[in-house]
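Okay, so here's the structure we're looking at.
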Amino acid sequence: MQDPRVIVALDYDNKDTAMAFIDKLDPTLCKLKVGKEMFTLFGPEFVKEIIAKGFDVFLDLKFHDIPNTVAKACKAAAELGVWMVNVHASGGLPMMQAAKEAIANSANPSTKLIAVTVLTSMDQEDLKLLGSRYNPLEAVASLAAAAKECGLHGVVCSPLEASTVRKIAGDDFMIITPGVRPAGAATSDQKRVKTPAEAIKAGATALVIGRPVTGSDNPALAVKTILQQIEEALNN
Ligand code: C5P
C-alpha cells in the first residue's frame, strides 16, 4: 500500500466524539492531523492514543518562537512519536535549523519537519504590517526556498501556490495543502479551494481535509472517494 496522501484534520472539542470518528477510519488509508485546539484540550495522551491505533499523526502546532524554544518543542514532539511536526518559516533560518537539528538528535530522528509559509488567512495588507514588500505568492516562494535551504522536508501552503513551490523546491519536497474540497462538497469557510485532483496536479504531496470527512455519514467512504480522485489525477 502506498503512503496515504490524505491527512484528515481532527477539529473536535470532545474526545469521545473524536475517538468514535477515528475508529471508523483505516490507518493504511489516511493520516490524522491534531491541531492547537485538540492538543490544548486533550494533550500528549490523546496523540499517543491515536498513534497506538496505528495512525501517522501530523502535530500541527505551528511553532514560532526563539530557536532554542522551538528546538526543544520539536524534540518533544518527535519523542511523542508523531510522524510530522511544523514550524512557521517566518521564524527565520536559525529557528528552522535549530528545529531540524533537535529532531535529528532526538530519539525519533525520522520525524518529518515542515514549515508553514504564509497563512491563507493573510493578505497583502497583513504582510505590509510585517514590513514585507512581497505579495502573498512571492512571500510563499521566498519562505519555501528558505525552508528548503534549511533542509526541512517540505512546507504547508495553499493549493493555489503549490505549482510555484514545486518549481522552486523540486520533486523531493513535501507540499502539504489544506483548502481542498472534493468536487461537489460544501466549501464551508474555505474561500480559495481546489479539488483533490487539482491540488495533486498542481504538485501537492498530501492533502489536509477536515469537514468533508469529519462531517460525512460515512467517513471511510469519503476518504476512499478522495483517494480515488487522487489516483485518477496521478494517472492522467
Ligand atoms: O475542515 P477543513 O477541510 O476546512 O479543515 C482544514 C484544516 O486545515 C483545519 O484544521 C484548518 O485549521 C487547517 N488549515 C487551513 N488553512 C490553512 C492552514 C491550516 O484550513 N492555511
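In listed order, ligands and their atoms are each counted from 1.
- A salt bridge is absent between Asp3 and Arg5: the closest approach of a Lys/Arg side-chain nitrogen to an acidic carboxylate oxygen does not fall below 4.0 angstrom.
- Less than 4.0 angstrom separates some heavy atom of Pro178 from each of these atoms of ligand 1: 8 (O), 14 (N), 15 (C), 16 (N), 17 (C), 18 (C), 19 (C), 20 (O), 21 (N).
- In terms of polar-atom proximity, defined here as any N/O pair under 3.5 Å, Lys62 makes no such contact with ligand 1.
- In summary, the atoms of ligand 1 found under 4.0 Å from a heavy atom of Arg181, numbered by their order in the structure, are 1 (O), 2 (P), 3 (O), 4 (O).
- Salt bridge annotation for Arg133-Glu138: absent, with no cationic side-chain nitrogen under 4.0 angstrom from a carboxylate oxygen.
- For ligand 1, the polar-atom distance check finds no N/O of Asp189 at less than 3.5 Å from any of the ligand's N/O atoms.
- Listed by number with element, the atoms of ligand 1 under 4.0 angstrom from any heavy atom of Arg211 are 1 (O), 2 (P), 3 (O), 4 (O).
- At the shortest separation from atom 12 (O) of ligand 1 among protein heavy atoms lies Lys33 NZ, 4.3 Å.
- Residue-level proximity to ligand 1 for Val156 is absent, since no heavy atom of it falls below 4.0 angstrom.
- In summary, the atoms of ligand 1 found under 4.0 Å from a heavy atom of Asp11, numbered by their order in the structure, are 9 (C), 10 (O).
- A search for side chain to side chain contact (heavy atoms under 4.5 Å, CB included) contacts involving Asp11 returns Ala9, not counting sequence neighbours.
- Between Asp60 and ligand 1, no pair of N/O atoms sits closer than 3.5 Å.
- The closest protein non-hydrogen atom to atom 6 (C) of ligand 1 is Gln190 NE2, 3.8 Å.
- Inter-residue side-chain proximity for Leu41 and Asp13 is flagged as met; some heavy-atom pair is nearer than 4.5 Å.
- Using a 4.5 Å heavy-atom threshold, the side chains of Phe58 and Leu32 count as separate.
- Which parts of ligand 1 touch Thr120 is read off a 4.0 Å heavy-atom cut-off, strictly below it: atoms 16 (N), 17 (C), 21 (N).
- The atoms of ligand 1 that sit less than 4.0 Å from any heavy atom of Val208 are 7 (C), 8 (O).
- The atoms of ligand 1 that sit less than 4.0 Å from any heavy atom of Ala9 are 7 (C), 10 (O).
- Counting heavy atoms from C-beta outward, Leu10 and Phe46 have side chains that approach closer than 4.5 Å.
- Between Asp26 and Lys224, none of the side-chain N atoms (NZ, or NE/NH1/NH2) sits under 4.0 Å from a carboxylate O, so this pair counts as no salt bridge.
- Using a cut-off of 4.0 Å between Lys/Arg side-chain N and Asp/Glu carboxylate O, Lys72 and Asp65 are scored as not salt-bridged.
- By the 4.0 Å N-to-carboxylate-O rule, Lys75 lies close enough to Glu79 to be salt-bridged with it.
- Residue Gly210 has at least one heavy-atom neighbour below 4.0 Å for each of these atoms of ligand 1: 1 (O), 2 (P), 3 (O), 5 (O).
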